[in-house]
Structure formats: structure tokens, C-alpha cells
Amino acid sequence: MVRTRFAPSPTGYLHVGGLRTALYNYLFAKQNNGKFVLRIEDTDQKRKVDGAVENLIESLNWSGIEADEGPVKQGDFGPYIQSERLELYKKHVDILLEKEHAYPCFCTRERLKKLKESQSDDSTQFGYDNHCRNLSRAEVMSKIKNGESYVVRLKTPLEGEVVIYDIVRGKVTFPNELLDDQVILKSDGFPTYHLANVVDDHLMEISHVIRGEEWLSSTPKHKLLYDYFGWKTPKFAHLPLLLNQDKSKLSKRQGDVAVEDYMEKGYLPEAIMNFLLLLGWNPGNNKEIFSLKEMVKSFSLKKVNKSGSIFNIEKLNWFNGQYIRSYDLDGLYKISAAYFPKNTNLSENEEKKILSLIQERLSTLQQIPKQAALILSDSIEYNKDALDYIRSESGMLVLKSLAKIISCEDELHSSNFFQIIKKVQAETLVKGKQLWMIVRVGLTGEIHGPEINKIAELLGKEKCLARINQAIKNG
RNA sequence: GGCGCCAUCGUCUAGUGGUUAGGACCCAGGAUUUUCAUUCCUGUAACCGGAGUUCGAUUCUCCGUGGCGCUACCA
């Protein structure tokens with residue numbers, strides 16, 4: 001049975017890199033008829049953020065991938081929040097202590113800090129100096145009795161090597177002598193990532209650990225833990241990192257990294273997921289647009305590539321535009337209604353009409369207000385190019401003629417608008433692009449936009465006249 | 001500093017011991033659209049460097065170089 005997990009820390013929001021990790025875990029589980037588990041890794045009390053778990057789950061729900069087991073949907077391996085599993089970790093630390101694969105360490109933070117400082121220029125030795133590794137049982141007992149605060153460290157082998165077989169990277173070897181005696185239980189009684197992770201993955205029967213490359217270096221420690229416990233090691237797959245434009249690890253400073261940021265900006269989950277899918281994996285053919293179902297079918301862990309990839313927003317914009325255009329009007333309206341300006345008194349039908357005019361020019365839903373303003377706005381500002389048209393020789397002529405002819409019409413339709421322009425042409429002798437552009441600027445104040453006859457219909461007679469008169473004033 | 005991972009157009013990537021090194025985004029040009037956008041067509045643009053193996057290396061090996069990650073009582 002394939003079981004994968006996504007195990008984020010609740011530090012405030014879901015990182016897009018985390019979302020890709022979740023996606024790959026999900027896809028791999030689903031295509032193997034396995035289970036995808038969500039586990040919250042909140043072992044660092046200092047970094048705890050209120051509401052972060054809810055936020056994480058909300059972002060994940062939005063993305064469309066659903067956990068088979070997790071804090072919301074309980075399964076047989078709960079609890080799924082690490083802070084609720086403290087007893088379990090304690091028990092397993094005791095096992096290691098018992099077997100002398102771990103030992104209490106009483107080194108103070110001051111001592112550790114000094115140690116580190118003394119090493120900063122010294123190239124021979126780094127990391128913990130195993131100071132407490134060989135304390136006698138009596139010494140340990142007396143220190144504990146004295147109430148000295150301590151952590152538990154893993155006793156790593158001094159020689160030999162650990163070999164990891166990674167699905168993405170192949171065989172990776174680490175010399176044991178470089179392994180630090182890692183802290184596995186903190187003085188506050190919480191486990192560190194390394195211990196909690198291994199214990200949970202085992203207890204939750206995770207078969208494949210699919211996570212970011214930043215974990216590759218600590219995998220030997222995890223492997224050691226599995227061995228010490230006498231457990232079967234899961235398969236590992238370390239994914240390439242997502243990078244900033246400058247190739248550093250994707251970070252907040254250089255743009256949006258939170259999934260909620262993209263939600264707010266009007267990106268569609270389909271687009272984000274499709275984009276993320278192709279950042280580090282490709283199907284080996286030219287197919288680019290994937291539904292979640294197609295992803296499940298095509299995805300292959302073995303074809304995940306090894307090098308980090310830059311999070312290129314332009315490609316994301318393109319995907320988003322593609323998906324926006326793929327919706328029918330009702331479907332698109334459903335997800336974009338919230339982006340329409342609130343104070344307009346527009347009916348749903350009118351908003352839909354506007355949407356149909358601007359659908360193909362959107363790359364994010366956030367652009368809706370600006371695009372819609374072309375039709376909705378009462379205050380029009382003319383830029384220089386626009387003014388050139390209405391202030392040209394024929395500008396006034398056309399606008400005045402247009403106003404006169406429109407005011408004679410009962411109603412404006414996109415279908416009779418052409419006839420109206422014909423009349424204007426006959427009266428003013430202005431024609432072609434010049435004529436149409438003056439009309440466009442007169443009605444919208446802009447030199448670009450959707451089809452002008454449809455805009456005219458949407459505006460209606462009164463508003464058209466008002467705008468033309470305003471243009472005349474500015475001419 | 002040490003250890004580990006990585007290296008094809010600007011970006012995401014395909015691919016191969018012999019290829020005109022393919023696709024997508026971006027950019028440029030064209031067609032359609034009396035505008036723009038969309039759509040379609042065309043174009044610009046890449047195998048990090050040096051050795052070795054080989055008849056032949058972008059591809060295999062080694063060494064550099066560069067980038068990134070880890071090196072916490074953070075994950």
C-alpha cells in the first residue's frame with residue numbers, strides 16, 4: 001500500500017513550494033491507489049502562529065487536493081498533529097536511551113554558543129563536540145536529580161558511511177564521521193523534526209517520503225533512526241527546490257510565496273497546480289495543459305528532474321489566462337463575481353455581459369476591476385494619445401455628430417451601432433480608423449478595449465451621450 | 001570551511017555516442033480583428049570550462065568552475 005504524506009509546519013501560510021510538494025505526494029499516492037496524509041509538524045513552540053493550521057488547510061482545499069487522512073478527516077493513524085503525539089515521541093526516545101543509541105546532554109546554550117564561535121574560523125572540526133556522550137550513568141542521574149535541564153542527542157557512528165537510495169537522485173553516500181550527534185528531544189520535552197518525522201512516518205506507515213531537497217542532507221540521520229529502531233526505511237524522493245529569479249531558494253523577500261497571495265490576486269487553482277506540476281517534472285511529450293485527473297495519470301516520480309527551477313510568474317500568467325478562457329461564462333462568473341466593484345448596482349446579468357467582453361483579455365481575475373472600469377467608470381481620464389484623437393480636426397465633428405445621431409435613436413444595440421457610425425461617416429466624411437478611434441475614445445477615454453459596439457450597448461444611450469459630451473468638453 | 005546535490009535558449013524543459021539540438025513562456029515580425037487583446041503563422045535565442053575514453057562527444061569518466069542546500073534545543 002502506497003502511503004504518502006505532506007507534513008508542513010504551521011508557520012503562517014502555505015508556501016507555493018510546499019504546495020508543489022503536496023501535489024507530487026498526492027499524485028503519486030493517487031496513481032498507486034494509495035493514501036495521501038496531511039500531518040501538521042508543530043514541534044517548534046517558538047514559531048507557532050495562531051490560525052496557521054486553519055490557513056494551511058484552507059489553502060490546500062482551495063488547490064483542489066484533498067487529504068485522505070489528516071487533522072480534518074481522521075484516519076486510523078491519528079492524531080495528525082505532532083503536538084498531540086508527545087507521549088509517543090517520549091516513549092521512543094526512551095527506547096533509544098535504553099539501547100544507548102541516544103544520550104542526555106546537559107550542555108548549556110552558552111557552552112554550545114562558545115563552541116560554535118570557536119569553530120567558526122577553524123576548518124578542522126564543526127558541530128557538536130560529543131561532550132556529554134560518555135557521561136557515566138551516575139553522573140547523568142545526579143545531574144537530573146539536581147534539576148539540570150537537558151536534551152537528548154542521537155549517538156551517531158564515528159566511522160563508516162550511510163547510503164541512501166533516492167528515487168530522484170539515485171545512490172547518495174554520506175560519511176558517518178561528519179554526522180553530528182543531533183538533538184532529537186528538546187529540553188521543553190518536544191521532539192525535533194528528525195525524531196518526530198521518523199517516528200510518525202513509521203507509525204503512519206508512510207511508504208514514500210517525498211519532500212524538498214533541503215532534507216537530503218539530514219536523511220542519513222533519519223536512516224540511522226530507522227535502523228536503530230529496527231524499522232523498515234521508507235523510499236525517499238527529494239524534489240528540486242523552487243528558486244527566486246536570482247536562483248536563491250524561493251523566499252518572501254522576492255515576491256509572493258504564500259498560496260493565499262495568489263488566491264487573492266485572482267489566480268485559478270487549476271493554473272497554479274498546472275504550473276507547479278511542470279516545475280520539476282514533465283511528461284516527456286509536448287502536452288502542457290493538465291487537469292488534476294490527467295496529472296494523476298501521467299505523473300511519474302522517476303521523471304522528476306534534479307535541478308532547481310525558477311518560479312517564473314510570466315508562465316504562470318499564461319497558464320492562468322488559458323484557464324480563464326477555458327471557462328464558459330457562467331462558470332467564470334461564479335469564480336470572479338467577487339472581483340467586481342461593489343458599489344455599482346449592476347445586475348448579475350450586466351456583470352456577466354461585461355465579463356464576456358473582457359474574458360479573453362484577462363490573465364488574472366484581479367484585473368477585472370480595471371478592465372471593467374472601462375465600461376463602468378463615471379470619471380474618465382484621457383491620456384495624451386486619446387486626447388490627440390478627440391482634439392484632432394475631425395474629433396469635434398465626429399463627436400458632435402455622434403451625439404446628435406445617438407440622441408435620435410430609441411435604444412443602442414451592438415447590431416444597430418454600425419448603422420449609426422455609417423450615418424456619422426456620411427455626415428462628417430470622416431472614415432476608417434480615424435472615425436472609429438474617435439468614437440472609441442469618446443465612449444471609453446481609451447484607445448484600446450473590447451469591441452466598441454458591444455461597449456456602446458452595455459453603456460446604453462444615456463451614458464453614451466454623457467460620455468460623448470464629456471469628451472467634447474475636453475476637446 | 002566541511003559535506004551533499006545540481007548544471008541544455010533569458011525562463012520552464014525535451015532529447016541524443018553521429019540530430020537542421022525539439023516544445024512552451026517571454027521578446028520581435030506578420031495574418032485576422034476598422035483598436036488592443038484573443039487566435040494563427042514566422043523569427044531571435046542554449047548544450048559552463050578543461051582533460052580523458054572514442055572514428056566521433058552536448059551525451060560517458062575525471063578534474064575544475066559556478067549555483068544551491070545542509071552544517072540550530074527551525075522545520
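As the structure is a prediction and not an experimental result, all values here were calculated from the model. Throughout, protein chains are lettered first and strands after them, A, B, ... in sequence-line order, and every chain is numbered starting at 1.
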Would you kindly give the [atom1]-to-[atom2] distance between [X] and [N], to the nearest whole Å?
{"X": "A:Asn285", "N": "B:rG23", "atom1": "CG", "atom2": "P", "value": "14 Å"}
{"X": "A:Phe236", "N": "B:rG4", "atom1": "CZ", "atom2": "C1'", "value": "15 Å"}
{"X": "A:Lys48", "N": "B:rC74", "atom1": "NZ", "atom2": "P", "value": "14 Å"}
{"X": "A:Leu250", "N": "B:rA75", "atom1": "CG", "atom2": "P", "value": "21 Å"}
{"X": "A:Phe311", "N": "B:rC26", "atom1": "CZ", "atom2": "C1'", "value": "16 Å"}
{"X": "A:Lys306", "N": "B:rU8", "atom1": "NZ", "atom2": "P", "value": "12 Å"}
{"X": "A:Glu214", "N": "B:rC6", "atom1": "CD", "atom2": "C1'", "value": "15 Å"}
{"X": "A:Glu288", "N": "B:rU11", "atom1": "CD", "atom2": "P", "value": "17 Å"}

Any A:Gln182 side-chain nitrogen or oxygen under 4.0 Å from OP1 or OP2 of B:rC70
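It does not, given that no N or O in the side chain of A:Gln182 lies less than 4.0 Å from OP1 or OP2 of B:rC70.
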Can you check whether A:Lys249 has a side-chain N or O nearer than 4.0 Å to OP1 or OP2 of B:rC6?
no
Selection from [options] that lies nearest to any side-chain heavy atom of [X]:
{"X": "A:Pro175", "options": "B:rU11, B:rC3, B:rC12", "value": "B:rC3"}
{"X": "A:Leu216", "options": "B:rC12, B:rG4, B:rC6", "value": "B:rG4"}
{"X": "A:Phe174", "options": "B:rC6, B:rC3, B:rU35", "value": "B:rC3"}
{"X": "A:Arg169", "options": "B:rC74, B:rC6, B:rU13", "value": "B:rC6"}
{"X": "A:Leu178", "options": "B:rC6, B:rG2, B:rC26", "value": "B:rG2"}
{"X": "A:Lys315", "options": "B:rC25, B:rC73, B:rA75", "value": "B:rC25"}
{"X": "A:Trp318", "options": "B:rA75, B:rC5, B:rC26", "value": "B:rC26"}
{"X": "A:Lys303", "options": "B:rU35, B:rC5, B:rG15", "value": "B:rG15"}
{"X": "A:Ile310", "options": "B:rG4, B:rG67, B:rC12", "value": "B:rC12"}
{"X": "A:Leu241", "options": "B:rG69, B:rG67, B:rC74", "value": "B:rG69"}

Answer with base, sugar-phosphate or nothing: what part of the nucleic acid does [X] contact at a heavy-atom distance below 4.0 Å?
{"X": "A:Glu451", "result": "base"}
{"X": "A:Thr173", "result": "sugar-phosphate"}
{"X": "A:Ser9", "result": "sugar-phosphate"}
{"X": "A:Thr43", "result": "sugar-phosphate"}

[atom1]-based separation of [M] from [N] [nearest Å]:
{"N": "B:rU11", "M": "B:rG49", "atom1": "P", "answer": "15 Å"}
{"N": "B:rA46", "M": "B:rU13", "atom1": "C1'", "answer": "12 Å"}
{"N": "B:rG18", "M": "B:rG2", "atom1": "C1'", "answer": "42 Å"}
{"N": "B:rG69", "M": "B:rA28", "atom1": "C1'", "answer": "38 Å"}
{"N": "B:rC41", "M": "B:rC26", "atom1": "P", "answer": "15 Å"}
{"N": "B:rG23", "M": "B:rU32", "atom1": "C1'", "answer": "25 Å"}
{"N": "B:rA72", "M": "B:rU16", "atom1": "C1'", "answer": "45 Å"}
{"N": "B:rC27", "M": "B:rU61", "atom1": "C1'", "answer": "39 Å"}

State which residue, out of A:Phe290, A:Tyr24, A:Tyr26, fulfils the ring pair (Phe, Tyr, Trp, His ring centres under 6.0 Å) condition with A:Phe299.
A:Tyr24
Any N or O donor-acceptor pair under 3.5 Å from the base of B:rU38 to the side chain of A:Arg325?
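Side chain to base: no pair present.
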Answer yes or no: side-chain N or O of A:Ser187 and base N or O of B:rC73 forming a donor-acceptor pair under 3.5 Å.
yes
Please enumerate all residues that pass side-chain hydrogen bond (donor to acceptor under 3.5 Å, both in side chains) together with A:Glu351, with sequence neighbours excluded.
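So A:Glu351 forms a side-chain hydrogen bond (donor to acceptor under 3.5 Å, both in side chains) with A:Tyr333.
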What is the base-pairing partner of B:rU20, counting Watson-Crick and G-U wobble geometry with both distances under 3.5 Å?
none
Across all strands, who's sitting opposite B:rA28 as a Watson-Crick or G-U wobble pair, both distances under 3.5 Å?
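The answer is B:rU42, by the H-bond criterion.
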For the backbone of A:Asn25 and the side chain of A:Arg5, can you confirm whether one donor and one acceptor N or O come within less than 3.5 Å of each other?
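Checking the backbone N and O of A:Asn25 against the side chain of A:Arg5, no donor-acceptor pair under 3.5 Å is found.
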More 5' along RNA chain B: A:Lys171 or A:Asp44, using each one's nearest nucleotide?
A:Lys171
Closest-nucleotide ordering on RNA chain B, the 5'-leading residue of A:Leu435 and A:Asn312
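Looking at the nearest nucleotide for each, A:Asn312 comes out on the 5' side.
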Give each protein N/O atom lying under 3.5 Å from an N/O atom of nucleotides 62-65 of chain B, with the pair distance.
none

